[in-house]
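Everything numeric here is computed off the predicted structure, so don't read it as measured data.
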Amino acid sequence: MEELTPRQITTIKFIFSRIFPLPFIIVGVLLLYFGVKEVLIAIESAGWPHTDATVISSSHSWSSSTGKGQTQYRANILYEFLVRNQRYIGNHYHSSTSAGESMQLVKRHPKGTKITV
C-alpha cells in the first residue's frame with residue numbers, strides 16, 4: 001500500500017472538513033428557514049378571528065394502496081360559514097390507517113353540527 005504524501009493528506013482533510021459538510025449545512029439552513037416560517041405563520045394565525053360554521057357534509061371513505069399493502073381511511077368534513085354576509089365553504093380532510101379514527105371524526109361532526117373555524 002502506497003503512503004500518502006503530506007500534500008494528499010492536506011487535500012483529503014480539506015475535502016472532508018470543508019466541502020463534504022457543505023450540502024448538509026445548506027439543507028439544514030433551508031429546513032430551519034422553512035420551519036421557522038411555518039411556526040411564525042402558526043403563531044400569527046392564533047390571533048385570527050373565529051366564527052361559527054355548520055357542517056354540510058360528513059363522510060368516510062377508504063382506498064387501498066397496492067404499493068404499501070395498507071388501506072388509507074379518510075374523513076371528509078365540508079362546512080360553511082358567513083363573514084360579513086359573505087358565504088364561504090371550507091373542508092377538512094383527515095387521512096389515517098385506522099378506520100376507527102376517521103369514523104370517529106365523522107361521527108363527531110355529522111351534518112348540521114356547529115363547529116368553530
Pairs of donor and acceptor atoms involving the side chains of residues 37-53, under 3.5 Å and at least two apart or interchain, shall be tabulated with distances.
from  : atom 1 : to    : atom 2 : distance (Å)
Ser45 : OG     : Ile41 : O      : 3.4
Ser45 : OG     : Ala42 : O      : 2.9
His50 : ND1    : Trp48 : O      : 3.4

May I have the list of side-chain donor-acceptor pairs in residues 101-113 shorter than 3.5 Å, sequence neighbours left out?
from   : atom 1 : to     : atom 2 : distance (Å)
Glu101 : OE1    : Ser96  : OG     : 3.2
Glu101 : OE2    : His94  : NE2    : 2.8
Ser102 : OG     : His60  : ND1    : 3.0
Ser102 : OG     : Ala99  : O      : 3.2
His109 : ND1    : Leu105 : O      : 3.0
Thr113 : OG1    : Pro110 : O      : 2.7

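Cluster membership for Tyr33 and Ile26, using ILVMFWY side-chain heavy atoms within less than 4.5 angstrom, is shared. Residues Val36 and Ile25 do not share a hydrophobic cluster, defined by chaining ILVMFWY side chains whose heavy atoms lie under 4.5 Å apart. In the hydrophobic clustering of ILVMFWY residues, with side-chain heavy atoms under 4.5 Å counting as a link, Tyr93 and Trp62 come out apart.
Partner of Val27 under the side-chain contact (heavy atoms from CB on, under 4.5 Å) criterion, chosen from Leu30, Leu31, Val29: Leu31.
Here the CD1 atom belonging to Ile15 is positioned 13.5 Å from the NZ atom belonging to Lys13, to the nearest 0.5 angstrom. With values rounded to the nearest 0.5 angstrom, Phe81 atom CZ is found 11.0 Å from Thr54 atom OG1. Expressed to the nearest 0.5 Å, how far CD1 of Ile56 lies from CD1 of Ile89 amounts to 4.5 Å.
In terms of heavy-atom proximity, Val117 sits nearest to Tyr79 at CG1-CE1, 3.5 Å. Listed here is the closest heavy atom pair of Leu78 and Gly90: CD1-O, 3.3 Å.
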